[in-house]
Amino acid sequence: MSKNKKNATETPVERNFSDPKYYFNREFSWLEFNRRVLSEGLDPRTPLLERLKFLGIFSSNLDEYFMVRVAILKKQIEAEVHKLTPDGRTPQEQLDGINQTLLPMVSLQHQFFEETLRPELGKNGIYILNYIDLNKEQKTYLQNYFEEHIFPVLTPLAIDASHPFPYLSNLSFNLAVMLKNPDTQEDLLARIKVPKILPRFLPLPKQLQIKENAKTVNWMGVPLEQVIAHNLGSLFPGMDIQEYHLFRITRDADLAVQEDEGDDLLLVIEKELRKRRIGGTVVRMEINPTMPSKLKKILMEKLELSEKDVYTVNGLLDLKDLMSFLGLPLPNLKDPSWGSIMPPRLRNYSDDITTGDLNEKNGIDFFEVIRQKDLLVHHPYHSFASTVQGFITQAAHDPNVLAIKMTLYRTSGDSPIINALIAGAENGKQVAALVELKARFDEENNIQWARKLERSGVHVVYGLAGLKTHTKVVMVVRQEEGHIRRYVHIGTGNYNPKTAKLYTDLGLLSCRPELGADLADLFNFLTGYSRQQSYRKLLVAPVNMRDRFIKLIRREIENCKDGDTGRIVAKMNSLVDPQIIANLYEASQAGVKIDLIIRGICCLRPGLKDTSENIKVVSIIGRYLEHSRIFYFHNKGKEEVYIGSADWMPRNLNRRVEAITPVEDTDLTKELQEILGILLSDNRQAWDLQPDGQYIQRRSTDNSPELGSHRILMETVANN
């Protein structure tokens, strides 16, 4: 890390850091993050199918944002909450600002898809057609397909005096059908739900993939809702179909868990999940501009929506389904493939192994490797299956392992990690798993895994009342030559083999006695009645993490005041906590040079004269989701680097169980500094935050090559 000194005689300008002018609003900052996601979809440098992916992620992100953040704001307004955010805004002001910001952003997304990406897909042999443009043979095929595969699934619901307005499920895609009874001339209204169990885009068979002037056809089909809309006569025989209009709704899906109202947290969560399936209040409706005002008014009244809750979309609704096209076998339209590899030490060890009985897959004795020195793994560049998953699997089958303890926040379906824990219990080991039932939108999956683990003899704990267990840790207790040794994994990401291929995350494998002792204390805190208040090495929230981080920041301040170098580099998902931000401002005033790599929300304002002019903030948006957390402190040249699960947000520091570990092996600290250096030098995926809240994308200059950090890290790992 670079060194910059400040004259120790300079006196910082006094500032009141509770003033709203020093903070960005977290809601608007998140919207800017999603704008950067959208920009990857708009960028012609992004491969075509990856551009569809980013448009889909943008839409998926918005769904969750409305289900949680907008829903919370609406509840605050209803409850007449008047508390201001650190930037001085009321809930109503935030809601109004969200609407003003999103309308042009959503309009841009759909306009770009219709006018740019859709034609570009056609040039590459991918035709998302409109039903009305099909020829007779194609329509006949889809009519038959409708009768055989779609019609039996549909349930048209009348809406009149005898049939109350139907319940509309969360994220449901619907057709409002306006009909006329030819006998009575009565106007009628019905609703049809577009089923999610069918593919959103229906392909035509090869023999019917005919397009005038088309050189190549790689895929050709139409949206499901159009097939339904153009075959409504089968659903309403004898009625005159006047018109149909598509609409989509989003409901409040935030769980309100009152943990003190039930003795069994699992049953409480299950009860709340049933409520979620029924759905909370509607917070958004998406429509096409062709919907008549009369119908729009009816829907708004029935769903209790205001004009600002309605988003008019010119084109296809729900573009997140575009991500399905990534499944097409067209590698030239995607990012170059990357196969994760083993870290060099494991590769070298594997090459030296002559027998394969230590690890069935590759013959690696993880315990011997870790005893030699700490091992750092960096996913997805390093294989999750060959490292973390292999370590846990070996522990489950090693006869000398006595116990395995781990936290599970999110994992995948049919998870090898779950299977390894079950195998460990069946092999007679003490296996304990803390399954976090409150992991948002994974609650149901986690309940299923918890029950499966319990049936297999694993000790399952469901978390702590009032706290969400977000830490990512494993401890393996092993009998070795008359003594006990603890092996640990402390990571930044979930034990999920699928997301480990998509998210950048770090993990430390170690058998340092102090880390083992700390994790033993942490697991006692999680599973028993221990209220451990001190840890040897770990920074643990909500116990000591906030205080430790503030002390590390203030140490850099004092070093600067003493005429030495002050330097901080911190990488995380979000920076929101006002107390941490105030200390960073003080550090900047004292001359500490600070680089923040913040993927998402950042409430700190960089570049303010006499306040944050020594702070730079960069966001990396690219092929992988930047999920790792790294914290570097110069410490007068005795550099300290930490990794772990926590962002600098009030929820992480106050309301979650988190763990941050120091990385003390000098080779590994250099490796982490190299990663930070690559990220900070990115001129392809990097966006610099400006004092006014805008982000400006970096570009290569003077015809210099684009150095996207994900590509550079791939090459770095491959060449090691």
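Keep in mind that the numbers below use all heavy atoms, side chains included, and drop hydrogens, waters and symmetry copies.
Judged purely by atom type and a 3.5 angstrom limit, Arg698 has no side-chain atom pairing as donor or acceptor with the backbone of Asn683. A distance-only check finds a donor-acceptor pair linking the side chain of Asn218 to the backbone of Asn124 [under 3.5 Å]. Not one N or O on the side chain of Glu40 forms a donor-acceptor pair closer than 3.5 Å with the backbone of Gly622. Under a 3.5 Å cut-off, the side chain of Asp688 and the backbone N or O of Val618 do not form any donor-acceptor pair. Side chain of Glu626 to backbone of Asn573: no donor-acceptor contact under 3.5 angstrom is found. In this structure, the side chain of Asn130 does not engage the main chain of Ile132 through any donor-acceptor pair within 3.5 Å. No side-chain donor-acceptor contact under 3.5 Å links Ser60 to the backbone of Gly56. At least one donor-acceptor pair closer than 3.5 Å links the side chain of Arg118 to the backbone N or O of Ile128. Formation of a donor-acceptor pair under 3.5 Å by the Thr499 side chain with backbone atoms of Leu502 is not found in this model. No side-chain donor-acceptor contact under 3.5 Å links Ser107 to the backbone of Pro104.
Considering every non-hydrogen atom in both His379 and Ala500, the closest pair reads CB-O, 3.7 Å. Nearest heavy-atom pair across Leu168 and Ile249 is O-CD1, 3.3 Å. Annotation for His245 and Pro292: closest pair NE2-CD, 3.1 Å, computed over non-hydrogen atoms. Of all heavy-atom pairs spanning Phe173 and Leu317, the tightest one is CE1-CD1, 3.5 Å. The minimum heavy-atom distance linking Cys602 with Ser29 is given by the pair N-OG, 2.9 Å. Shortest non-hydrogen contact noted between Ile98 and Glu27 is CD1-CB, 4.2 Å.
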Derivation and outcome, side chain to side chain donor-acceptor pair (under 3.5 Å), residues Lys498 and Ser415: CA-CA 9 Å; Lys498 291 183 179 178; Ser415 169; over 6 Å; no

Do Arg248 and Asn174 pass the side chain to side chain contact (heavy atoms under 4.5 Å, CB included) test, and can you show the C-alpha distance, the side-chain angles, and the key distance before you say yes or no? CA-CA 6 Å; Arg248 182 173 182 266; Asn174 309 274; 5.7 Å; no

Steps toward salt bridge (Lys or Arg N to Asp or Glu O under 4.0 Å) verdict (Lys75, Glu78): CA-CA 5 Å; Lys75 284 187 280 194; Glu78 185 179 348; over 6 Å; no

So Arg51 and Asp43, salt bridge (Lys or Arg N to Asp or Glu O under 4.0 Å) or not? Walk me through it. CA-CA 8 Å; Arg51 298 172 82 180; Asp43 195 324; over 6 Å; no

Give the C-alpha distance, both sets of side-chain angles, the deciding distance and a yes or no for side chain to side chain contact (heavy atoms under 4.5 Å, CB included) between Leu154 and Leu235. CA-CA 8 Å; Leu154 302 180; Leu235 293 164; 3.8 Å; yes

Start with the C-alpha distance between Ser59 and Gln109, add both sets of side-chain angles, then the distance that settles side chain to side chain donor-acceptor pair (under 3.5 Å), and finish with yes or no. CA-CA 9 Å; Ser59 293; Gln109 177 203 21; 2.8 Å; yes

Is there a side chain to side chain contact (heavy atoms under 4.5 Å, CB included) between Leu328 and Phe325? Walk through the geometry before answering. CA-CA 6 Å; Leu328 293 175; Phe325 287 99; 3.8 Å; yes

I'd like to know whether Glu225 forms a salt bridge (Lys or Arg N to Asp or Glu O under 4.0 Å) with Arg200, so could you lay out the CA-CA distance, the side-chain angles of the two residues, the decisive distance to 0.1 Å, and finally the verdict. CA-CA 8 Å; Glu225 64 271 17; Arg200 171 70 188 283; 2.8 Å; yes

Give the intermediate values and the outcome of side chain to side chain donor-acceptor pair (under 3.5 Å) for residues Ser39 and Gln697. CA-CA 10 Å; Ser39 294; Gln697 189 172 27; over 6 Å; no

Should His163 and Leu157 be marked as a side chain to side chain contact (heavy atoms under 4.5 Å, CB included) after you check the CA-CA gap, both sets of side-chain angles, and the distance that decides it? CA-CA 8 Å; His163 302 86; Leu157 298 174; over 6 Å; no

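Note that the CD1 atom of Ile298 and the CE atom of Met178 stand 6.5 Å from one another [nearest 0.5 Å]. Note that the CD atom of Gln389 and the OH atom of Tyr495 stand 12.5 Å from one another [nearest 0.5 Å].
The pair Glu706-Arg711 fails the salt-bridge criterion, with no side-chain N (NZ, NE, NH1 or NH2) lying under 4.0 Å from an Asp/Glu carboxylate O. Salt bridge absent: Glu50 and Arg623 never bring a charged side-chain N and a carboxylate O closer than 4.0 Å.
The cationic group of Arg284 lies under 6.0 Å from the six-membered ring centre of Phe66 and within 45° of the ring axis, placing it in a cation-pi geometry. In this structure, Arg36 is positioned above the aromatic face of Tyr695, its NZ or CZ under 6.0 Å from the six-membered ring centre and within 45° of the axis.
Residues Lys296 and Ile287 are in side-chain contact: their nearest non-hydrogen atoms beyond the backbone lie under 4.5 Å apart. The shortest distance between side-chain heavy atoms of Leu319 and Val313 does not fall below 4.5 Å. Side-chain atoms of Pro205 and Leu208, non-hydrogen and from C-beta on, do get closer than 4.5 Å to each other. In this structure the side chain of Phe165 reaches within 4.5 angstrom of the side chain of Leu303, judged on heavy atoms. Between Met220 and Val217 there is a side-chain heavy-atom pair separated by less than 4.5 Å. Using a 4.5 Å heavy-atom cutoff, the side chains of Ser619 and Glu32 are not in contact. Taking the side chain as every heavy atom from C-beta outward, Leu117 and Leu48 approach each other to under 4.5 Å. Counting only heavy atoms from C-beta outward, the side chains of Asn99 and Leu95 never approach each other to under 4.5 Å.
Counting non-hydrogen atoms of neighbouring residues, nucleotides and ligands closer than 6.0 angstrom, the NZ atom of Lys302 reaches no more than 12 such neighbours. Taking a 6.0 Å sphere around CD of Gln694, one finds it holds 12 or fewer heavy atoms contributed by other residues, nucleotides or ligands. Applying the 6.0 Å contact sphere to NZ of Lys180 captures more than 12 heavy atoms from other residues, nucleotides or ligands. Around the CD atom of Gln185, the shell of radius 6.0 Å holds more than 12 heavy atoms that belong to other residues, nucleotides or ligands. For CZ of Phe236, the number of neighbouring non-hydrogen atoms (other residues, nucleotides, ligands) closer than 6.0 Å is greater than 12. Around NZ of Lys139, the count of heavy atoms belonging to other residues, nucleotides or ligands within 6.0 Å exceeds 12. By the 6.0 Å contact criterion, CD on Glu304 is open, its count of non-hydrogen atoms from other residues, nucleotides or ligands being 12 or less.
In this structure, a donor-acceptor pair under 3.5 Å is absent between the side chains of Asn314 and Gln111. No donor-acceptor contact under 3.5 angstrom links the side chains of Asp96 and Gln100, judged on distance only. With no hydrogens or angles considered, a side-chain donor-acceptor pair links Ser306 and Asp309 at under 3.5 Å. With hydrogens and angles left out, the side-chain atoms of Thr290 and Asn288 include no donor and acceptor closer than 3.5 Å.
Screening residues 100-144 for ring pair (Phe, Tyr, Trp, His ring centres under 6.0 Å), with sequence neighbours left out, gives Tyr131-His230.
Residues that satisfy the ring pair (Phe, Tyr, Trp, His ring centres under 6.0 Å) test with His710, not counting sequence neighbours, are Tyr624.
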